[in-house]
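Can you keep this structure in mind? I'll have questions shortly.
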2 protein chains.
Amino acid sequence: MAGKDAKRVTTIQVAALAGASPSTVSRALSGDPRITEATRQRVLAAADELGYRPNLIARGLKNRATGIIGVVVTDLGSFYHAEALRLLVDELGENGLAPLVFACHARQSADAVIARMAGYQVDAVIALAAPFDREIVASCDRSRKPLVLMNRYPGPEPVSTVGGDFDRGGALAAGHLIARGARSFAYFAGEDGAQISRDREAGFLRRLAEDGLGCRARISSVYSYDAARQAAAALLADPPDAVFCANDTLAFALIDAARHDAGLRVPGDLMVAGYDNTTLAARPSYDLTSIDQDLPELVARAVRRARALAEDPAAAPVQDVVLPRLVARGTTERPPAMET
Amino acid sequence: MAGKDAKRVTTIQVAALAGASPSTVSRALSGDPRITEATRQRVLAAADELGYRPNLIARGLKNRATGIIGVVVTDLGSFYHAEALRLLVDELGENGLAPLVFACHARQSADAVIARMAGYQVDAVIALAAPFDREIVASCDRSRKPLVLMNRYPGPEPVSTVGGDFDRGGALAAGHLIARGARSFAYFAGEDGAQISRDREAGFLRRLAEDGLGCRARISSVYSYDAARQAAAALLADPPDAVFCANDTLAFALIDAARHDAGLRVPGDLMVAGYDNTTLAARPSYDLTSIDQDLPELVARAVRRARALAEDPAAAPVQDVVLPRLVARGTTERPPAMET
DNA sequence: TCTTCTTGTGCATACGTTTGCACAACTGAT
DNA sequence: ATCAGTTGTGCAAACGTATGCACAAGAAGA
């Protein structure tokens with residue numbers, strides 16, 4: 001091949017061409033004010049001519065800061081997580097950071113994932129993998145890596161989090177369903193251990209109770225469409241007026257089960273509200289009422305926090321909460337029956 | 001904080017504890033056969049006790065191989081790309097590689113993205129960003145980074161690609177629609193420059209021609225749901241029997257436009273087939289007939305190719321093609337009219 | 001006992017940066 | 001012309017790892 005073993009361009013080469021030393025090159029490029037404008041220009045010209053690109057690995061080794069942020073996700077099959085990752089990648093990119101992405105699930109333990117990230121000297125870790133939060137916290141602690149948990153309601157652990165106000169979100173949903181005329185309710189919970197799901201449920205129940213109402217039924221399922229659709233059957237044998245779901249995935253599964261498996265109309269026979277306001281929720285085939293978390297804002301704050309922690313790992317943890325907002329759509333329209 | 005400035009554990013510390021030298025530690029951990037079993041055990045014990053994790057950045061600097069693979073994506077909003085990224089992350093992880101992910105779109109030029117990746121000394125780049133392929137090829141060439149283009153039909157450029165057989169896929173769709181009784185056809189193309197879309201179209205038209213049929217209409221749109229749904233209106237004023245769409249996103253938009261904007265039944269008034277067999281296609285609300293690309297296989301091959309190129313950057317480019325498969329679903333059922 | 005070979009370990013260096021420190025060159029004052 | 005002060009540049013060390021080479025220790029043969 002032509003330039004197969006063409007020497008890579010380093011500060012040394014640039015220095016040689018510019019008639020300066022590597023240190024001068026380094027300083028010129030980093031904008032050190034002690035370098036004469038004339039020299040800087042010479043160096044810049046040389047760097048440009050050779051197509052010099054600083055070796056960020058070497059810089060990372062020296063500086064003990066790589067500009068790499070570890071991102072842990074668990075279930076990219078979920079549209080919500082996919083959307084979050086997309087925003088994260090963009091936001092990190094615009095902040096001059098580079099995301100090193102790993103997935104964490106049954107076959108890939110949280111500890112192994114964090115260990116690998118730590119090996120790559122990531123400056124901080126952002127985790128979007130609720131089911132593994134506890135292990136991730138422990139593992140980051142052990143590796144002394146700053147950590148930001150995303151999409152997580154504040155808890156007792158001393159760790160930085162960024163999330164929506166789940167309790168309030170649950171309450172919003174309850175209020176809305178009540179206002180739309182529902183009188184019997186059910187909650188569709190996520191996997192049993194999920195803190196997220198329990199926080200949302202708590203708010204939902206609390207708001208119902210304020211109006212002297214209770215929750216007639218409760219089912220739960222793993223956060224997967226197929227599992228959820230199966231689980232939904234139990235509820236649809238004797239459906240309530242309205243169901244609040246721990247997230248949109250569960251809501252979509254419930255709606256499909258209602259419409260296609262149980263022959264119910266949504267809305268009409270059943271109102272459904274979800275959580276996350278996924279892209280899909282806005283499409284006419286679902287037209288799902290959902291609690292919006294302002295994901296871009298969440299992501300922006302997570303990145304800001306990660307930067308701050310990378311800067312000063314000893315900083316006290318901050319638990320950041322974003323206010324949720326209800327987006328009313330077709331699945332919670334008043335049943336046509338009430339209009340006649 | 002307690003261990004704030006606890007020295008990081010390096011080979012030096014391990015060596016000291018094991019009563020050996022750093023070089024011995026390195027060799028013991030890398031399984032060099034020249035090291036005595038006894039020594040190896042001592043080293044392993046020491047490493048374990050101190051919780052030693054090799055610094056992969058330092059290793060990368062020394063070895064000129066980081067184990068990092070650059071991944072370029074463009075539109076994570078698309079479910080197809082999100083799914084592909086999920087599989088990529090898993091596959092790379094299982095191969096002991098780490099994906100450094102960047103998005104490339106209007107605000108982030110391909111060249112800037114590749115330059116940053118090159119700065120991080122990625123061993124190879126996998127690109128899933130068809131619209132930017134040309135610039136990416138040029139940029140990787142300049143940085144001498146091995147490149148694998150994903151989801152790309154073989155072209156004249158000397159670059160490694162992994163993709164489905166788009167031409168054949170288009171033909172499959174045509175054959176299926178003909179068999180289902182359609183007699184007038186339309187093609188819903190992606191953005192005009194998109195090679196992908198043109199390859200699929202070519203196969204579609206060729207197969208139609210084999211039966212003496214033609215394509216009555218053709219519309220095109222950017223690959224975004226909203227834009228596509230608007231663009232679809234033009235076609236639905238005078239709908240053909242069947243529409244083949246360059247990908248599922250376009251198909252979903254078309255279906256929604258037909259059902260909710262134009263008041264048509266799908267199927268019934270209109271058959272629709274898509275491409276990619278996205279998760280969503282299987283759900284009852286769309287139940288979309290689509291061409292499946294065997295994405296997991298595509299991804300596995302891309303990773304394999306990337307590893308090979310990382311090993312030997314001078315290796316000749318390989319253009320890898322996976323056979324597509326048609327998955328027939330509800331949107332191409334025979335119109336009920338024909339059953340009565 | 002003295003080579004000769006084998007075997008296992010340590011020394012030193014290199015990877016490409018950044019940066020503390022010393023130093024050369026120049027200015028302006030005595 | 002000498003000195004203090006300023007300014008810009010270079011030297012060398014460090015980050016943590018991997019590895020060619022030299023070397024010490026022990027075994028085997030003469």
Quiz item: In residues 19-43 of chain B, what residues come within less than 4.0 Å of DNA chain C, judged by heavy atoms?
Solution: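 B:Ala20, B:Ser21, B:Ser23, B:Thr24, B:Arg27, B:Arg34, B:Ile35, B:Thr36, B:Thr39 - these, ordered by number, are the residues of the stretch whose heavy atoms sit under 4.0 Å from the strand.
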
Quiz item: Looking only at heavy atoms, what is the nearest atom pair of A:Thr74 and A:Cys104, with distance?
Solution: OG1-O, 3.0 Å

Indicate every side-chain donor-acceptor pair of residues 297-306 of chain B with a distance under 3.5 Å to a residue at least two apart or in another chain.
| from | atom 1 | to | atom 2 | distance (Å) |
| --- | --- | --- | --- | --- |
| B:Glu297 | OE2 | B:Arg301 | NE | 2.6 |
| B:Glu297 | OE2 | B:Arg301 | NH2 | 3.2 |
| B:Arg301 | NH1 | B:Asp320 | OD1 | 2.9 |

Self-check item: Integer-rounded Å distance: C:dG16 C1' and A:Tyr52 OH
Solution: 8 Å

Quiz item: Given axes from five pairs at either end, by how many degrees does the helix from C:dT1-D:dA30 to C:dT30-D:dA1 bend, rounded to 10°?
Solution: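 Angle reported: 70°, given to the nearest ten degrees.
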
Self-check item: Bounds of contact between DNA chain D and chain A, in 5' to 3' order, using a heavy-atom cut-off under 4.0 Å
Solution: D:dG8 to D:dG16

Quiz item: What pairs with B:Glu94 under side chain to side chain donor-acceptor pair (under 3.5 Å), at least two apart in sequence or on another chain?
Solution: A:Arg107

Quiz item: Can you name the residues that form a salt bridge (charged side-chain N to carboxylate O under 4.0 Å, His left out) with B:Glu157, not counting sequence neighbours?
Solution: B:Arg152

Quiz prompt | Length of the line joining A:Arg64:CZ and C:dT17:C1', which is rounded to integer Å | solution = 14 Å

Self-check item: Set of side chain to side chain donor-acceptor pair (under 3.5 Å) partners for B:Ser143, sequence neighbours left out
Solution: none

Exercise. Can you sort out the partners of B:Ser139 under side chain to side chain donor-acceptor pair (under 3.5 Å), two or more places apart, ordered by chain and number?
Key: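 Per chain and number, B:Ser139 pairs via side chain to side chain donor-acceptor pair (under 3.5 Å) with B:Asp111.
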
Self-check item: Sequence neighbours excluded - ring pair (Phe, Tyr, Trp, His ring centres under 6.0 Å) pairs with any residue from residues 96-145 of chain B
Solution: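 Those involving residues 96-145 of chain B do not exist here.
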
Self-check item: Integer-rounded Å distance: C:dT18 C1' and A:Lys62 NZ
Solution: 5 Å

Quiz item: Can you list the residues that meet the salt bridge (charged side-chain N to carboxylate O under 4.0 Å, His left out) rule with B:Glu191, with sequence neighbours excluded?
Solution: none

Quiz item: Atom CD1 of B:Ile57 and atom C1' of C:dT18: how far apart are they, to the nearest Å?
Solution: 16 Å

Quiz item: Among all residues two or more places apart in sequence or in another chain, which pass the side chain to side chain donor-acceptor pair (under 3.5 Å) test with B:Ser26?
Solution: none

All N/O donor-acceptor pairs, side-chain side in residues 45-65 of chain B, below 3.5 Å, sequence neighbours left out:
| from | atom 1 | to | atom 2 | distance (Å) |
| --- | --- | --- | --- | --- |
| B:Asn55 | OD1 | B:Ile57 | N | 2.8 |
| B:Asn55 | OD1 | B:Ala58 | N | 3.0 |

